Amino acid sequence: MIDHLLSLQQKEPSYYTDELIKGIVMVLIIAGTDTMSISMEWAMALLLNHPEAIKKVKAEIDTHMPQDRLLNEEDVPKLSYLQNVITETLRLYPPVPFLIPHQSSEHCKVGGYDISKGTMLLVNLWAIQRDPKIWENPTEFIPERHEERREGGFMMLPFGTGRRGCPGAGIANKVLGLVLGTLVQSFEWERVSEEMVDMTEGRGFSIPKVQPLEGVCKPRQATIQHSLIPS
Ligand code: HEM
């Protein structure tokens with residue numbers, strides 16, 4: 001990415017200044033680091049508390065994948081249950097629960113209310129995505145609820161929407177699928193004890209897990225047999 005920006009700098013030095021490049025790189029790191037690690041942690045925590053869901057992800061991977069190689073990016077779109085696990089994780093624990101503050105550039109109406117130009121708007125995504133008027137058993141982890149794609153509406157917006165929506169949504173979904181899929185493909189996972197993983201949410205710009213996740217894993221038979229992970 002930096003190489004690409006530096007080659008653009010050679011063509012248009014007055015626009016692609018060092019400062020602009022530093023700014024782009026910084027915003028990508030800030031916007032793309034915590035969001036990803038937090039989502040993975042919540043997804044694994046939910047999976048550990050729902051062993052039947054891990055079983056389903058595993059069965060899906062074993063059905064669609066040869067046993068002698070690890071998942072790659074192209075395999076991820078074939079794994080619809082895994083995608084539903086990710087969507088359900090982002091519904092319950094949106095890493096940016098209020099989106100980024102927006103400001104109305106013109107006077108407008110939202111939900112029948114007059115909003116003056118220049119008003120700051122925070123979207124409470126966390127509440128929308130757990131709204132009992134929209135979701136059945138809203139606080140429960142049910143990846144199957146996403147099997148039927150609902151058309152239209154704004155009940156799921158973990159990446160925001162419109163012009164200022166997340167430009168990393170595509171890569172985020174791919175990387176989340178690849179990492180979670182590979183973890184389930186390669187290892188048997190269990191909670192550290194009979195006790196459920198603590199799901200208390202912390203405070204902050206994103207929703208961190210108060211207790212850092214711990215789990216127990218051991219390589220699966222196929223992982224050892226085909227030396228899928230370097231020892
Ligand atoms: C699970 C992962 C992620 C989630 C849930 C997420 C979510 C969001 C949300 C909600 C916004 C604000 C949208 C709005 O206000 O309407 C945003 C903005 C942004 N995201 Fe992401 N994001 C994720 C990963 C990433 C990654 C991996 C990158 C880059 C590699 C990235 C880059 C950005 C940037 C640059 C913006 C600012 C866009 C702008 O202001 O125009 N995000 N993201």
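Nothing here was measured: the structure is a model prediction, and the numbers come from that model. Ligands are counted one by one from 1 in listed order, and the atoms in each one are counted from 1 as well.
Taking each of V175, T35, V96 in turn, the one with a heavy atom nearest to atom 23 (C) of ligand 1 proves to be T35. Remark: among candidates S206, C166, G170, the nearest residue to atom 31 (C) of ligand 1 is C166, based on non-hydrogen atoms.
With Q83 contributing its side chain and G177 its backbone, the two residues share no donor-acceptor pair below 3.5 Å. Using modelled atom types, no side-chain atom of R191 and backbone atom of V197 make a donor-acceptor pair closer than 3.5 Å.
Side-chain N/O atoms of Q9 and D18 include a donor and acceptor closer than 3.5 Å.
Near P158, meaning under 4.0 Å from one of its heavy atoms, ligand 1 places the atoms 5 (C), 7 (C), 10 (C). Taking a cut-off of under 4.0 Å to the non-hydrogen atoms of S39, the atoms of ligand 1 that pass are 1 (C). Residue contact check: P167 has heavy atoms under 4.0 Å from atoms 19 (C), 20 (N), 33 (C), 34 (C), 35 (C), 36 (C), 38 (C) of ligand 1. Distances below 4.0 Å separate heavy atoms of P95 from the following atoms of ligand 1: 5 (C).
Atom CD1 of I115 has more than 12 neighbouring heavy atoms from other residues, nucleotides or ligands inside a 6.0 Å radius. For CD of E190, the number of neighbouring non-hydrogen atoms (other residues, nucleotides, ligands) closer than 6.0 Å is 12 at most. Taking a 6.0 Å sphere around CD of E214, one finds it holds 12 or fewer heavy atoms contributed by other residues, nucleotides or ligands.
From the protein, the heavy atom lying nearest to atom 4 (C) of ligand 1 is F159 CE2, 3.4 Å. Protein heavy atom nearest atom 12 (C) of ligand 1, with residue, atom name and distance: I100 CD1, 3.6 Å. Looking from atom 27 (C) of ligand 1 to the surrounding protein, the closest heavy atom is G32 CA, 3.7 Å. Closest protein heavy atom to atom 30 (C) of ligand 1: L28 CD2, 4.1 Å. Of all protein heavy atoms, the one lying nearest to atom 25 (C) of ligand 1 is A31 O, 3.6 Å.
Salt-bridge annotation for K209 and E41: absent, with no side-chain N of the basic residue lying under 4.0 Å from a carboxylate O of the acidic one. Electrostatic pairing of R145 and E140 does not count as a salt bridge here, judged by no charged N lying under 4.0 Å from a carboxylate O.
With a heavy-atom cut-off of 4.0 Å, T161 touches ligand 1 through its backbone alone.
Within the 4.0 Å heavy-atom cutoff, H102 counts among the residues contacting ligand 1.
Backbone and side-chain nitrogen or oxygen atoms of R164 are examined, and one is located within less than 3.5 angstrom of a nitrogen or oxygen of ligand 1.
Here the side chains of F98 and V123 are not in contact, with every heavy-atom distance at 4.5 Å or above.
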